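Below, chains carry the letters A, B, ... as their sequence lines are ordered, and counting in each starts from 1. Remember, predicted model here, so these are calculated numbers, not experimental data. No hydrogens, no waters, no symmetry mates; every other heavy atom, side chains included, goes into these values.
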There are 2 protein chains.
Amino acid sequence: MRESDVRGHLDGLVLAALAVGAAHGYEIIQRIRDRSVGAFDLAEGSVYPVLHRLEASGALTARWEAVNGRRRKVYEITQPGRTQLTSERTRWRDLRTSMDRALGGATA
Amino acid sequence: MRESDVRGHLDGLVLAALAVGAAHGYEIIQRIRDRSVGAFDLAEGSVYPVLHRLEASGALTARWEAVNGRRRKVYEITQPGRTQLTSERTRWRDLRTSMDRALGGATA
DNA sequence: GGGGTATACCTAGACTGTCGAGGTATGAGG
DNA sequence: CCTCATACCTCGACAGTCTAGGTATACCCC
């Protein structure tokens, strides 16, 4: 699986990972890897900019935590973030439907 | 539907459109639009470079035709092209499975 | 106390593929 | 002859992801 296949859907993946509970950056990467059963093993350089963007847009809030002297930035999804997640899911379902049709070959 | 959502899958869409029979560029765009029920209305500037790339790689062959004085470049899928189409379909199915899992929200 | 590994954050620039905008040319219809 | 549809093409812009680099702490083993 090419990692860049998630292009355009990273926001949705991050929001979905946070929908089940707050987490810090490293943990989000692990969650996405686990949820996709290993398929999406994202680079930190891909995820951190997304988190900053989503925080700036108000889809996430963040707070710093110190655990055993290690600092962590814990992200939590907001109500606007949940709304965005819903529309990301819809967008994915629409894409899936159209791709299944256009690609053919019993992919449906 | 954002057109750029097809990023990474344009090759597959073009190959699938040609798998049912030869066609020229303009026609391929129409086929993809029809097959996706209007969802993928691709720009010429997106498709022509793909055709040239696929021709150069041997997935397609092309011949010039003259119909009523208008020239057309008719593309046909090759055996390597069909092999590539099969792997593009597999790649799409894998992505679909992983996205459904990781995105959650009853998308499955 | 030194080295290696895991955790945990960050950024700048490279890269890739699609799109927008522009161009050429023919034929049909008004 | 002007416009519209067909039909081809290319260049540069753009967005989003990745590569590669950086910082820092904690833990374990020697």
Side-chain angles (χ1 to χ4, degrees), chain A residues 1-15 17 22-33 36 39-57 59-60 62-75 88 91-92 95 98-99 102, chain B residues 1-15 17 22-33 36 39-57 60 62-75 88 91-92 95 99 102:
Chain A
M1 165 95 53
R2 290 190 228 155
E3 265 68 39
S4 56
D5 282 353
V6 302
R7 178 177 275 266
H9 302 285
L10 243 183
D11 288 21
L13 290 176
V14 168
L15 290 169
H24 61 278
Y26 227 68
E27 201 179 356
I28 292 168
I29 292 172
Q30 292 170 331
R31 265 192 208 175
I32 292 175
R33 185 170 53 238
S36 67
F40 303 145
D41 192 9
L42 301 170
E44 296 174 41
S46 309
V47 175
Y48 285 117
V50 171
L51 290 171
H52 300 161
R53 190 170 7 102
L54 290 175
E55 186 187 357
S57 74
L60 305 177
R63 63 176 187 276
W64 284 97
E65 260 184 19
V67 178
N68 294 357
R70 267 200 225 93
R71 61 177 198 150
R72 291 173 170 179
K73 199 172 179 184
V74 177
Y75 292 90
E88 296 281 1
R91 198 163 66 79
W92 163 249
L95 175 64
S98 298
M99 277 296 295
Chain B
M1 164 97 51
R2 289 191 230 153
E3 266 66 39
S4 56
D5 281 353
V6 302
R7 178 177 275 265
H9 302 284
L10 244 183
D11 287 21
L13 290 175
V14 168
L15 291 169
H24 61 280
Y26 228 69
E27 202 179 356
I28 292 168
I29 292 172
Q30 294 171 331
R31 263 191 210 174
I32 292 175
R33 186 171 52 238
S36 68
F40 303 145
D41 192 10
L42 300 169
E44 296 173 39
S46 309
V47 174
Y48 285 117
V50 171
L51 290 171
H52 299 160
R53 193 175 0 108
L54 290 175
E55 186 187 358
S57 74
L60 305 177
R63 61 177 188 277
W64 283 98
E65 260 185 18
V67 177
N68 294 356
R70 267 201 225 91
R71 61 175 198 151
R72 290 175 172 177
K73 198 170 179 184
V74 177
Y75 292 91
E88 296 280 1
R91 197 163 65 80
W92 163 249
L95 174 64
M99 277 295 294

- Message: Just to be sure I understand the rule, does B:G25 reach a base, reach only the sugar-phosphate, or reach nothing, if contact means heavy atoms closer than 4.0 Å?
- Response: sugar-phosphate
Could you check which of [options] has an atom nearest any side-chain atom of [X]?
{"X": "A:R7", "options": "C:dT16, C:dC9, D:dA7", "result": "C:dT16"}
{"X": "B:R72", "options": "D:dA7, D:dT10, C:dT11", "result": "D:dA7"}
{"X": "A:L42", "options": "D:dC18, D:dC8, C:dT16", "result": "D:dC18"}
{"X": "B:A43", "options": "D:dA15, C:dG20, D:dC9", "result": "C:dG20"}
{"X": "A:Y26", "options": "D:dC8, D:dT17, C:dA8", "result": "C:dA8"}
{"X": "A:R53", "options": "D:dT17, C:dC9, D:dT10", "result": "D:dT17"}

- How do B:K73 and A:S46 order along DNA chain D: which one's closest nucleotide is nearer the 5' end? B:K73
Give the minimum heavy-atom separation between [X] and [Y], together with the two atoms involved.
{"X": "B:S46", "Y": "B:V50", "answer": "O-CG2, 3.3 Å"}
{"X": "B:Y75", "Y": "B:L60", "answer": "CD2-CD1, 4.0 Å"}
{"X": "B:R71", "Y": "B:W64", "answer": "NH1-CH2, 3.5 Å"}
{"X": "A:S98", "Y": "B:A39", "answer": "OG-CB, 3.1 Å"}
{"X": "B:Y48", "Y": "B:G25", "answer": "CE2-CA, 4.2 Å"}
{"X": "A:A62", "Y": "A:K73", "answer": "CB-CE, 3.7 Å"}

- Working for side chain to side chain contact (heavy atoms under 4.5 Å, CB included), residues A:R53 and A:D11: CA-CA 9 Å; A:R53 190 170 7 102; A:D11 288 21; 3.0 Å; yes
Can you find a pair of side-chain heavy atoms, one from [X] and one from [Y], that are under 4.5 Å apart?
{"X": "A:I28", "Y": "A:L13", "answer": "no"}
{"X": "B:R33", "Y": "B:I29", "answer": "yes"}
{"X": "B:H24", "Y": "B:V67", "answer": "no"}

Between [atom2] of [N] and [atom1] of [X], the distance in whole Å:
{"X": "A:H9", "N": "D:dA15", "atom1": "NE2", "atom2": "P", "answer": "18 Å"}
{"X": "A:L51", "N": "C:dT11", "atom1": "CG", "atom2": "C1'", "answer": "14 Å"}
{"X": "B:D11", "N": "C:dT16", "atom1": "CG", "atom2": "C1'", "answer": "12 Å"}
{"X": "A:D5", "N": "D:dT17", "atom1": "CG", "atom2": "P", "answer": "12 Å"}
{"X": "B:D41", "N": "C:dT18", "atom1": "CG", "atom2": "P", "answer": "16 Å"}
{"X": "B:Y48", "N": "C:dG17", "atom1": "OH", "atom2": "C1'", "answer": "18 Å"}
{"X": "B:E65", "N": "D:dC8", "atom1": "CD", "atom2": "P", "answer": "10 Å"}
{"X": "B:L95", "N": "D:dT17", "atom1": "CG", "atom2": "C1'", "answer": "15 Å"}

Just the table, please: protein N/O against nucleotides 21-27 of chain D N/O, every pair under 3.5 Å.
| residue | atom | partner | partner atom | Å |
| --- | --- | --- | --- | --- |
| D:dA26 | OP1 | A:N68 | O | 3.4 |

- Message: Reading DNA chain C from 5' onward, which residue's closest nucleotide shows up sooner: B:G45 or A:G45?
- Response: A:G45
- Task: Please list every stem that involves DNA chain C, where a stem is a run of 3 or more consecutive Watson-Crick or G-U wobble pairs with both pairing distances under 3.5 Å.
- Result: C:1-30 with D:1-30
